[in-house]
**Q** 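Got a structure for you, questions after.
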There are 2 protein chains.
Amino acid sequence: MAEALGFRDVKAGILDRIRGGDWPPGTRIPNEVELAETLGCARATVSRAMRELADDGVLDRRRRAGTWVATSPVRQARIEIPLVRAEVEATGARYRYALVSRDRMAAPNWLRARLGLPEGCPVLHLACAHFADDFPFQYEDRWINLSAVSAAARADFAAEGPNEWLVANVPLSEAEIAFSAVAADAEVAANLSLAPGEPVFLCERTTRLDGEAITLARLHFGRGYRMTTVL
Amino acid sequence: MAEALGFRDVKAGILDRIRGGDWPPGTRIPNEVELAETLGCARATVSRAMRELADDGVLDRRRRAGTWVATSPVRQARIEIPLVRAEVEATGARYRYALVSRDRMAAPNWLRARLGLPEGCPVLHLACAHFADDFPFQYEDRWINLSAVSAAARADFAAEGPNEWLVANVPLSEAEIAFSAVAADAEVAANLSLAPGEPVFLCERTTRLDGEAITLARLHFGRGYRMTTVL
DNA sequence: CAGTGGTCTAGACCACCGG
DNA sequence: CGGTGGTCTAGACCACTGT
């Protein structure tokens with residue numbers, strides 16, 4: 001009998017029985033008390049192991065009913081959203097940032113609709129280029145709600161990108177992220193050295209604080225970019 | 001004094017203090033024992049709250065050192081990888097599956113290199129179309145390693161998609177997922193009713209069991225597809 | 001109604017690592 | 001060395017929900 005089973009051991013044991021075919025998808029597996037007794041550890045340990053496996057989508061749990069091996073595994077994955085600088089430097093390349101344009105204006109209608117801003121709401125529009133060894137890596141189309149972050153009007157963003165400025169100056173916020181594939185328009189194409197119409201991997205991030213929109217970032221990635229899972 | 005604080009309350013309290021500006025990014029926050037005393041709950045409760053916040057990237061924790069508010073939040077996000085059928089039906093549309101082609105062959109060189117297969121390794125190549133109300137939704141380019149999953153050679157995949165067959169017949173496996181934007185080639189364009197060269201959102205999933213490659217799926221999504229985060 | 005997961009408590013020991 | 005997070009235990013109560 002093994003001594004001092006940890007929740008990692010319990011997780012591994014459950015995964016082994018699933019992978020080994022003992023517990024095929026759809027099987028109802030023993031409850032926490034039974035497993036704790038057979039394994040010789042506390043129920044809390046089994047509970048944590050099963051909870052994490054359920055978080056990973058490997059198990060389905062329902063109160064009063066029990067725990068089953070999920071019939072459709074790999075339901076969710078984790079992806080990293082690194083800072084551009086870190087992402088570039090991780091490849092061994094030198095990172096360089098450049099501000100392409102900076103304009104203060106009233107929010108255009110499409111932006112107002114998207115972020116829920118009032119008419120005439122002042123916004124800051126930035127276009128930023130991020131390079132890896134002087135090759136274009138990412139083109140950032142950034143909109144900042146000045147009525148929520150008025151201090152941004154006094155930042156020039158010449159040396160520091162808006163993302164770095166925002167994380168240092170806005171406490172914390174909820175983000176909604178969406179990924180898609182779009183065709184490069186003339187502006188994006190020029191800034192990423194692409195032909196117009198070429199496919200571009202796009203990451204759109206909307207950030208809110210207490211429901212109020214702070215910023216919208218549209219990050220266009222250069223040719224051949226791949227976003228991969230961790231874990 | 002509140003009674004019976006739960007770990008969710010503790011999480012919310014910490015987040016409030018971060019969002020409120022009491023604890024700006026980089027701040028060292030009280031340790032578990034102190035927080036438990038001030039809040040009037042057990043250390044385990046605080047521990048779980050802080051652990052989950054650290055998992056979400058909101059806090060940085062180091063042994064012996066302490067816990068800090070992360071300087072770069074939103075480092076990772078969770079995305080859902082639903083089954084095609086569920087994804088289509090969630091929109092209210094009717095799901096329909098069709099097998100486009102099915103060929104048994106020796107693995108081509110690019111596939112052998114990618115999955116680490118031996119020369120002459122038998123594989124099954126499937127092309128599948130997934131429809132939402134008879135509009136093309138996803139075009140699936142699927143390769144199955146028959147030396148690892150020989151039973152797949154006897155499945156015809158006429159009524160059931162390969163993904164559903166695999167999850168029901170291969171116990172569990174590790175998956176690596178990558179997302180990118182590519183231009184539609186002639187085949188993809190035809191199957192998704194696109195013009196050749198149009199941008200396509202591509203999800204490539206490699207699945208392994210004990211290090212041996214099981215399958216490679218290349219899922220091409222129709223025009224305008226967006227993948228969004230949960231949580 | 002009773003079984004199941006979900007959570008909290010109080011206490012304990014350990015691994016780690018900065019001073 | 002001592003403080004910090006990381007984990008395990010044994011027990012308890014509650015919330016939910018299938019039968």
Side-chain angles (χ1 to χ4, degrees), chain A residues 1-15 17-18 23 25-71 73 75-76 231, chain B residues 1-15 17-18 23 25-71 73 75-76 78 230-231:
Chain A
M1 182 65 66
E3 297 274 344
L5 269 196
F7 77 95
R8 297 164 189 282
D9 304 304
V10 177
K11 281 180 76 169
I14 295 173
L15 281 173
R17 284 193 249 197
I18 295 176
W23 293 341
T27 313
R28 175 170 177 176
I29 75 175
N31 65 33
E32 297 187 348
V33 178
E34 291 176 37
L35 258 187
E37 283 172 359
T38 31
L39 298 175
C41 65
R43 180 168 85 104
T45 305
V46 176
S47 188
R48 178 166 179 191
M50 290 176 104
R51 172 169 28 96
E52 294 199 355
L53 288 173
D55 281 346
D56 295 345
V58 174
L59 298 179
D60 280 336
R61 317 193 78 189
R62 277 176 309 174
R63 285 189 173 166
R64 160 63 189 165
T67 301
W68 288 262
V69 178
T71 52
R75 285 180 24 244
Q76 54 185 13
L231 255 185
Chain B
M1 181 64 69
E3 297 274 342
L5 269 197
F7 75 96
R8 297 165 188 280
D9 305 303
V10 178
K11 281 180 77 170
I14 295 173
L15 281 174
R17 284 194 248 199
I18 296 176
W23 293 341
T27 313
R28 175 170 177 175
I29 75 175
N31 66 35
E32 298 186 347
V33 178
E34 290 176 38
L35 259 187
E37 284 172 359
T38 35
L39 298 176
C41 65
R43 181 167 85 102
T45 305
V46 175
S47 188
R48 178 165 178 192
M50 291 176 102
R51 175 174 18 101
E52 294 198 354
L53 287 173
D55 281 345
D56 294 345
V58 175
L59 299 178
D60 280 335
R61 317 191 77 188
R62 279 175 308 176
R63 286 188 170 166
R64 161 63 190 161
T67 301
W68 287 263
V69 178
T71 52
R75 287 178 25 244
Q76 52 185 12
R78 285 192 163 187
V230 290
L231 253 185

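Since the model is a prediction, treat every value here as computed from it, not as a measurement. A, B, ... follow the sequence lines: proteins, then strands. Residue 1 opens every chain.
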**Q** Atom OG1 of A:T27 and atom CZ of A:R17: how far apart are they, to the nearest 0.5 Å?
**A** 12.0 Å

**Q** For A:L39 and D:dT9, what is the distance between atoms CG and C1' respectively, to the nearest whole Å?
**A** 15 Å

**Q** Within this structure, what is the CG-to-P distance between A:L59 and C:dG5, rounded to whole angstrom?
**A** 11 Å

**Q** Just how far, in rounded Å, is P of C:dG5 from CD1 of A:I14?
**A** 11 Å

**Q** Looking only at side-chain atoms of B:R51, point me to the closest of C:dT9, D:dG5, D:dT7.
**A** D:dT7

**Q** When you compare the side chain of A:V46 with that of A:F7, does any pair of heavy atoms fall below 4.5 Å?
**A** no

**Q** For the pair made of CZ in A:R8 and C1' in D:dG6, what is the distance, rounded to whole Å?
**A** 9 Å

**Q** Can you name the one residue among B:R28, B:R62, B:R61 that meets side-chain hydrogen bond (donor to acceptor under 3.5 Å, both in side chains) with B:T67?
**A** B:R61

**Q** Could you give all pairs that pass the salt bridge (charged side-chain N to carboxylate O under 4.0 Å, His left out) test and reach residues 33-47 of chain A, with sequence neighbours left out?
**A** A:E32-A:R43

**Q** Please tabulate, one pair per line, each protein N/O and nucleotide N/O from nucleotides 11-15 of chain D that are separated by under 3.5 Å, including the distance.
**A**
| from | atom 1 | to | atom 2 | distance (Å) |
| --- | --- | --- | --- | --- |
| D:dA12 | N6 | A:R43 | NH2 | 2.9 |

**Q** Using whole Å, what does the distance between atom P of nucleotide D:dT7 and atom CD of B:E52 come to?
**A** 13 Å

**Q** For the atom pair CE (B:M50) and NZ (B:K11), what is the distance rounded to the nearest 0.5 Å?
**A** 12.5 Å

**Q** Would you kindly give the CG-to-P distance between A:N31 and C:dA2, to the nearest whole Å?
**A** 17 Å

**Q** Should B:T45 and B:L5 count as side-chain neighbours, where that means a heavy-atom distance under 4.5 Å?
**A** no

**Q** Scan B:T67 against the nucleic acid and name what it touches under 4.0 Å (heavy atoms): base, sugar-phosphate only, or nothing.
**A** sugar-phosphate

**Q** If I take atom CG from residue B:D60 and atom CD1 from residue B:I29, how far apart are they, to the nearest 0.5 angstrom?
**A** 10.5 Å

**Q** Please state how far atom CZ in B:R62 lies from atom C1' in C:dG19, giving the value in whole angstrom units.
**A** 14 Å

**Q** Would you mind telling me which residue lines up with the more 5' stretch of DNA chain C, A:S47 or A:G66, judged by nearest nucleotide?
**A** A:G66

**Q** Of the nucleotides D:dC8, C:dC8, C:dT4, which has the atom closest to the A:T45 side chain?
**A** D:dC8

**Q** Any side-chain heavy atom of B:V58 sitting closer than 4.5 Å to one from B:V69?
**A** no

**Q** Identify which nucleotide among D:dT4, C:dT7, D:dT9 has an atom closest to any side-chain atom of A:C41, counting heavy atoms from C-beta outward.
**A** D:dT9

**Q** Would you mind reporting whether A:L35 and A:N31 have side-chain heavy atoms less than 4.5 Å apart?
**A** no

**Q** Rounding to an integer number of Å, can you tell me how far A:R28 CZ sits from C:dG5 P?
**A** 7 Å

**Q** Among the nucleotides D:dT9, C:dT9, D:dG5, which one has an atom lying closest to any side-chain atom of B:E32?
**A** D:dG5

**Q** How sharply is the helix from C:dC1-D:dG18 to C:dG18-D:dC1 bent, taking the axes over five pairs at either end and rounding to 10 degrees?
**A** 10°

